[in-house]
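Take a look at the structure below.
As the structure is a prediction and not an experimental result, all values here were calculated from the model.
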Amino acid sequence: MGERPFGYSSFQVDLTPYVLYGADNVVAVRLDTEKFGSRWYPGAGIYRHVRLVKTEPVHVAHWGVFVTTPEITDTYATAFVHVEVENNRQYAVKGQYTVDIYELDANDVIGEKVASTTKRSMFLDAGSSVADSVSLRVKSPKRWDLEHTHRYLACVSVYDKNKLVDVYDTPFGFRTILFTHDNGFLLNGKRVQINGTCNHHDLGALGAAINKVALERQLRILKSFGCNALRTSHNPPAPELLELADKMGFLVMDELFDCWTVGKKKNDYSALFDKWHEKDIETLVCRDRNHPSVIMWSTGNEVHEQYEPEKGVARHLTEVVHRFDHTRPVTFGASYPSKSAMNGTELQVDVHGMNYAAGVYGGPDFYGKFLNKEGHEHLSGYSSESSSTMSSRGEYFPRKHHVSSYDLTEPGWGGLPDWEFAALDKYPAICGEFVWTGFDYLGEPTPFNSDASVLLNHAEALNREQMAQEKEALEKIEKNRPTSRSSYFGIVDLAGFPKDRYYLYQSRWLPDLPMVHILPHWNFPDRMGEVTPVFVYTSGDEAELFLNGKSLGKKKKLPYEYRLRWDDVIYKPGELKAVAYKQNQKWAETVVRTTGEAVKLKLTPDKTSIKADGEDLVFVKVSLTDKDGNEVPTAENVISCTLVGSGEVIATDNGDPTCLIPFQETTRPAFNGLYLAIVKARFGCNGPLHLIVESKGLERAEMKIMIEN
């Protein structure tokens with residue numbers, strides 16, 4: 001009946017001509033995961049929701065309502081509502097429609113009606129569709145922004161001969177966006193720094209299948225360290241992501257493709273581009289264009305055509321996007337800004353995205369060159385991909401196949417967070433950054449990665465001899481497989497546990513939050529008397545470090561300095577204390593202690609009740625603690641968990657990228673003191689769930705999870 005070769009595209013198939021009335025019908029879907037692919041783990045199977053939609057013959061078309069907001073003042077705002085109605089009858093119909101606008105709260109509860117129209121007539125020929133538009137004025141509009149996510153609902157009612165036959169609801173928001181050349185990004189006329197992260201669509205131990213509860217947890221974690229923007233790298237997201245972004249207050253760079261006509265691996269999107277790209281653009285834009293969170297459409301990432309501006313592929317894609325939405329700018333992520341941000345390709349988009357411009361692909365002053373180039377007087381820019389710093393949570397003198405959490409390791413094409421911070425501080429006209437990545441993700445475990453993406457990332461920065469050396473190194477890695485299951489780029493690990501970099505970004509992105517963080521932990525019995533550097537991340541401007549009550553000196557952040565370092569500390573067990581100051585006033589303090597052996601288990605759930613809807617989840621962090629309740633950061637005891645009641649532990653994890661135990665197993669070692677259990681209730685069940693967590697030689701822990709009926 002139909003097909004869609006791009007696995008990320010939402011689409012519909014009309015079953016009407018094929019239905020056997022009065023009989024059972026079977027819908028069969030064949031998934032081809034061999035013919036089509038992408039550069040990382042995308043999941044295999046139906047990993048987004050499928051719905052059966054039933055309508056009357058006269059109805060609003062698929063994604064047939066588009067709301068724009070051309071005027072917004074404190075006194076009033078205009079909602080311009082474009083409506084497309086279909087007539088599937090075999091005869092002409094004189095239809096009518098109305099539009100009502102309501103306030104909509106964060107729980108999707110419809111509030112006060114604030115505007116409405118009278119019935120508008122439309123004549124629909126047999127088997128045709130007709131479009132019409134109407135303008136409504138809303139008094140004293142409540143604007144959508146990152147702190148106040150006010151939304152409205154446009155409710156379109158369709159009538160056939162005065163009989164109500166369809167009601168179609170579309171949430172939207174009143175807000176203005178503007179990318180400027182000299183003052184960054186403006187939301188409702190006020191400058192907002194884009195503090196964003198790039199993320200693949202997998203949900204860690206749960207795989208690629210969409211679960212809104214797990215996705216909301218990810219967004220809560222991102223928001224907790226100041227992230228306010230998301231790049232859907234490098235594919236159309238699940239629609240639930242945008243629903244949550246609207247409600248929780250995130251800006252979204254909504255991305256389409258990882259390649260255009262020139263591919264990056266066999267059977268990728270380049271094989272589909274000529275036939276499908278316009279349809280896939282239409283699908284994404286028409287599906288997502290009513291979300292106030294979406295501020296940019298991205299047509300691609302690190303595409304070969306960026307070096308061939310004369311072909312005009314970027315311009316063509318920009319024009320295709322604007323057929324379906326003229327209210328937002330079009331962009332893409334350029335992989336070698338010092339070339340492709342200066343060769344004319346950047347003028348074929350509305351706003352230019354630059355990957356790793358502060359590092360090897362640009363340099364510390366590249367943003368200044370970009371802003372001051374002749375012809376760029378009105379062009380706006382931002383970092384579409386930054387950093388790629390690598391680390392393993394809690395590893396400071398790393399074991400095999402781990403990367404140090406001192407946050408000083410970058411892959412050659414990337415850079416350190418500090419580099420990007422400095423470049424953005426030097427050139428505040430740049431709109432901000434999207435860090436690679438918010439979370440660790442399945443696949444692509446650089447620097448222990450032997451697949452072709454490593455060579456692709458290095459391709460433009462290395463000469464032929466260096467590329468040959470890189471290829472040889474990859475071949476050696478391949479001989480020693482298996483290595484790692486997941487990436488090291490995340491600010492947060494695969495289980496959702498913060499790495500040290502979490503606090504570096506928090507200190508930068510939440511400057512008004514009093515915080516100070518010490519790394520490393522202080523459990524190093526084998527480093528007695530050895531130099532063990534200590535770093536402090538703080539939103540203050542200086543800090544004093546104490547070891548066992550003795551001051552190791554006070555350090556102040558210098559210009560373009562974002563971490564405080566005591567590089568010559570001699571390890572002695574005991575207590576590290578940091579006291580941070582801001583403008584000469586005490587700001588925050590924290591302590592790290594040498595702990596005893598692990599003797600107990602501590603359970604910290606993200607909530608204590610669960611809905612029996614077959615979707616809700618409870619994420620339980622399991623910590624190993626000493627007799628005084630201190631978390632033991634080096635403990636790696638084997639932990640098992642059991643659930644008593646009508647539910648199951650559907651996955652476990654520990655954040656260790658080298659752990660190859662299947663996620664469905666309930667027994668695995670902790671990694672640097674932590675373990676995660678994910679609990680789900682059976683649909684329609686009753687009674688509480690009891691989670692029991694055990695480890696040999698340790699005091700076991702239990703908790704009750706109540707069922708919400």
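- No donor-acceptor contact under 3.5 angstrom links the side chains of Asn211 and Arg217, judged on distance only.
- For the pair Lys223 and Phe250, the distance from NZ or CZ to the six-membered ring centre is under 6.0 Å and the angle to the ring normal is within 45 degrees.
- Ring-plane geometry between Trp509 and Phe225 is classed as parallel, the angle between the planes falling under 30 degrees on a 0 to 90 degree scale with a further cut at 60.
- Aromatic rings from Phe397 and Phe524 are positioned such that their centres are separated by under 6.0 Å.
- The six-membered or imidazole ring of Phe366 lies away from that of Tyr427, with a centre-to-centre distance of 6.0 Å or more.
- Between Phe439 and His200, the distance from one ring center to the other does not fall under 6.0 angstrom.
- Ser404 and Tyr396 get closest at one heavy-atom pair: OG-O, 3.2 Å.
- Neither side chain, Ser335 nor Glu302, offers a donor N or O lying under 3.5 Å from an acceptor on the other.
- With 3.5 Å as the limit, one finds no donor-acceptor pair spanning the side chains of Trp436 and Ser386.
- The minimum heavy-atom distance linking Pro533 with Pro520 is given by the pair O-CD, 3.2 Å.
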Applying side chain to side chain donor-acceptor pair (under 3.5 Å) to Tyr441 and Ser486, what does each step give before you reach the verdict? CA-CA 6 Å; Tyr441 53 93; Ser486 52; over 6 Å; no
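- The cationic atom of Lys607 (NZ for Lys, CZ for Arg) does not lie both less than 6.0 Å from the six-membered ring centre of Phe619 and within 45° of the ring axis.
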Might you work through the salt bridge (Lys or Arg N to Asp or Glu O under 4.0 Å) test for Arg501 and Asp407, ending with a clear yes or no? CA-CA 7 Å; Arg501 255 180 300 139; Asp407 299 329; 3.4 Å; yes
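- Side-chain contact of Asp656 with Tyr675: a donor-acceptor pair under 3.5 Å is absent, judged by distance alone.
- The aromatic ring centroids of His402 and Phe671 lie less than 6.0 Å from each other.
- The aromatic ring centroids of Phe535 and Tyr406 lie less than 6.0 Å from each other.
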